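Notes follow the structure.
In the text below, chain A, chain B and the rest are named by the order of the sequence lines, each starting its count at 1. No experiment lies behind these values; they were computed from the predicted model shown.
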Number of protein chains: 2
Amino acid sequence: MISQTLEYALRAVVTIAQHEGHPCTAKQIAEITQVPAPYLSKLMQRLVRAGVVHSQRGLHGGFVLAEEPCELTIWKVVDAVEPFQRIHECPLGIKSHDSTLCPLHRRLDRAMEMVQELFCSTTIADVLAEPGAVTPLCQEKKTFMINANIKSLKHSAEESGKKKTKKKRTPAAE
Amino acid sequence: MISQTLEYALRAVVTIAQHEGHPCTAKQIAEITQVPAPYLSKLMQRLVRAGVVHSQRGLHGGFVLAEEPCELTIWKVVDAVEPFQRIHECPLGIKSHDSTLCPLHRRLDRAMEMVQELFCSTTIADVLAEPGAVTPLCQEKKTFMINANIKSLKHSAEESGKKKTKKKRTPAAE
DNA sequence: GTCATTTAGGATAAGTTGATCTTGAACTCC
DNA sequence: GGAGTTCAAGATCAACTTATCCTAAATGAC
């Protein structure tokens with residue numbers, strides 16, 4: 001229900017927010033978020049074009065958030081990578097349903113509306129600040145996280161042998 | 001966010017419920033729901049295997065609901081055609097996150113949980129009974145609907161020249 | 001200016017979903 | 001049992017999503 005690409009984008013944005021102050025390179029983000037590097041690269045381009053992040057080429061370049069984490073909602077990221085298809089008119093083309101959707105489509109749209117509301121009311125800062133929680137996306141505890149990540153990146157980036165995990169998406173768990 | 005196939009399945013189930021008492025053929029359902037007939041046929045097979053509807057071959061055969069509309073929830077249909085992927089463990093494989101998801105994944109899962117709750121609490125009967133509403137999926141007012149549909153089907157089925165509309169899915173509206 | 005670094009963009013491939021077609025099997029009616 | 005009706009199943013195709021690769025363009029350090 002939540003696409004792979006959207007999940008990737010959110011991971012990336014959270015990662016950049018965690019390293020506020022200096023840009024993250026696509027390679028760094030890819031390692032932390034465990035997203036295939038070439039694909040992440042494309043995805044970052046989308047985020048740049050949508051104005052969610054800014055990019056900077058060259059040495060010490062990378063990506064930074066275009067907004068403060070407390071201003072950037074999950075919704076904005078969703079909207080950037082794959083705009084939600086709210087149901088605004090009858091999918092069957094029944095004209096009389098365009099003003100008032102039929103009960104079925106009203107409910108489907110209501111479901112999407114609820115998700116939209118939740119996403120609109122959640123900022124990246126909210127995700128980072130979650131009290132008592134484990135750190136988003138990373139093993140370490142909150143305080144140590146940033147330095148730990150940066151250091152481990154510096155190292156692992158050197159030899160980054162491409163480890164093809166080839167993990168097949170589990171088709172159903174529920 | 002809600003897949004084409006799921007939408008088709010719900011249209012089909014609602015249509016069958018609207019014609020309770022006698023089976024609907026795949027052809028009839030396809031016309032009413034405006035779903036490509038061969039595809040609907042495959043989809044109905046899935047619903048049969050999942051136990052949402054029963055099928056009957058031969059003259060006067062077709063599909064009927066396996067449960068009363070007031071017992072059949074939208075959720076059961078969802079679960080039959082494409083089981084929701086709730087997030088039960090950390091998608092990044094971080095072991096310490098499996099018991100308590102990180103804030104990001106917790107929120108994504110929460111969004112899905114909300115939708116699940118809404119779908120679980122809505123039955124097909126609810127959809128049909130919506131007060132004051134237009135009839136699900138069809139132009140006519142509630143009382144006239146059933147006969148009108150059946151009759152118009154009898155006619156249009158005769159000459160049903162395959163009209164290739166080839167309507168491209170509108171990529172984004174929101 | 002040159003070089004290492006880093007993003008941008010195009011072309012392409014693999015995998016999944018959406019859609020079609022054809023044949024076979026079950027059922028009703030006569 | 002034969003004819004007409006209707007679902008079942010397999011093979012196939014098209015479109016979209018996910019993923020990869022390679023080359024170009026921008027940037028900063030020297």
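- Base engagement by A/Pro38 is indicated by at least one non-hydrogen atom pair under 4.0 Å involving a base atom.
- Going from atom CZ of A/Arg46 over to atom C1' of C/dG9 covers 14 Å, rounded to whole Å.
- Within 4.0 Å of A/Ser3, counting heavy atoms only, lie sugar-phosphate atoms of the nucleic acid but no base atom.
- For A/His22 and C/dT6, the NE2 to C1' distance is 17 Å, given to the nearest whole Å.
- As judged by a 4.0 angstrom heavy-atom cut-off over every strand, A/Arg49 is placed among residues touching the sugar-phosphate backbone only.
- Atom-to-atom, CE of A/Met1 to P of C/dT17 comes out at 16 Å; the value is rounded to the nearest Å.
- Within the 4.5 Å cutoff, no side-chain heavy atoms of B/Val77 are placed close to those of B/Phe119.
- Between A/Ala26 and B/Leu59, the residue anchored nearer the 5' end of DNA chain C, judged by the nucleotide with its closest heavy atom, is A/Ala26.
- Nearest nucleotide to the side chain of B/Phe63, out of C/dT7, D/dA8, C/dT20: D/dA8.
- In this entry the distance linking CD of A/Gln28 with C1' of C/dT5 reads 12 Å, nearest Å.
- Summarising the geometry, atom OH belonging to B/Tyr8 is positioned 6.0 Å from atom CZ belonging to B/Arg11; distances are rounded to the nearest 0.5 Å.
- Taking only side-chain nitrogens and oxygens, A/Gln56 never comes nearer than 4.0 Å to OP1 or OP2 of D/dA26.
- Residue B/His60 is the one, among B/His60 and A/Val35, whose nearest nucleotide of DNA chain D lies closer to the 5' end (criterion: closest heavy atom).
- Rounded to an integer number of Å, the gap from CD of B/Gln45 to C1' of C/dT23 is 13 Å.
- For the pair B/Tyr39 and C/dT17, the criterion of a side-chain N or O lying under 4.0 Å from OP1 or OP2 is not met.
- In this structure, CG in B/Leu47 is found 5.0 Å from CE in B/Met44, a value given to the nearest 0.5 Å.
- Residue A/Gln4 places its side chain closer to D/dT18 than to any other of D/dA9, D/dT18, D/dT27.
- Nearest to the side chain of B/Thr25, among D/dC7, D/dA19, C/dC27, sits D/dC7.
- Atom NZ of A/Lys27 and atom P of C/dA8 are 17 Å apart (whole Å).
- Checked for salt-bridge contact, A/Glu31 and A/Lys27 miss the test: no charged N lies under 4.0 Å from a carboxylate O.
- If you check the side chains of A/Glu82 and A/Ser3, you find a donor sitting under 3.5 Å from an acceptor.
- Relative to the side chain of B/Lys42, the nucleotides C/dT20, D/dA8, C/dA19 differ in distance, and C/dT20 lies closest.
- Note: CG (A/Leu43) to C1' (C/dA8) measures 14 Å, nearest angstrom.
- Taking atom CD on A/Glu82 and atom P on D/dT18, their separation rounds to 6 Å, with Å as the unit.
- The phosphate of D/dT18 (OP1 or OP2) has a side-chain N or O of A/Thr5 nearer than 4.0 angstrom.
- Set against C/dA8, D/dC7, C/dT20, the side chain of B/Arg57 has D/dC7 as its closest nucleotide.
- Looking only at side-chain heavy atoms (C-beta outward), A/Leu101 and A/Ile87 come within less than 4.5 Å of each other.
- Here A/Ser55 reaches the OP1 or OP2 of C/dA8: one of its side-chain N or O atoms lies under 4.0 Å away.
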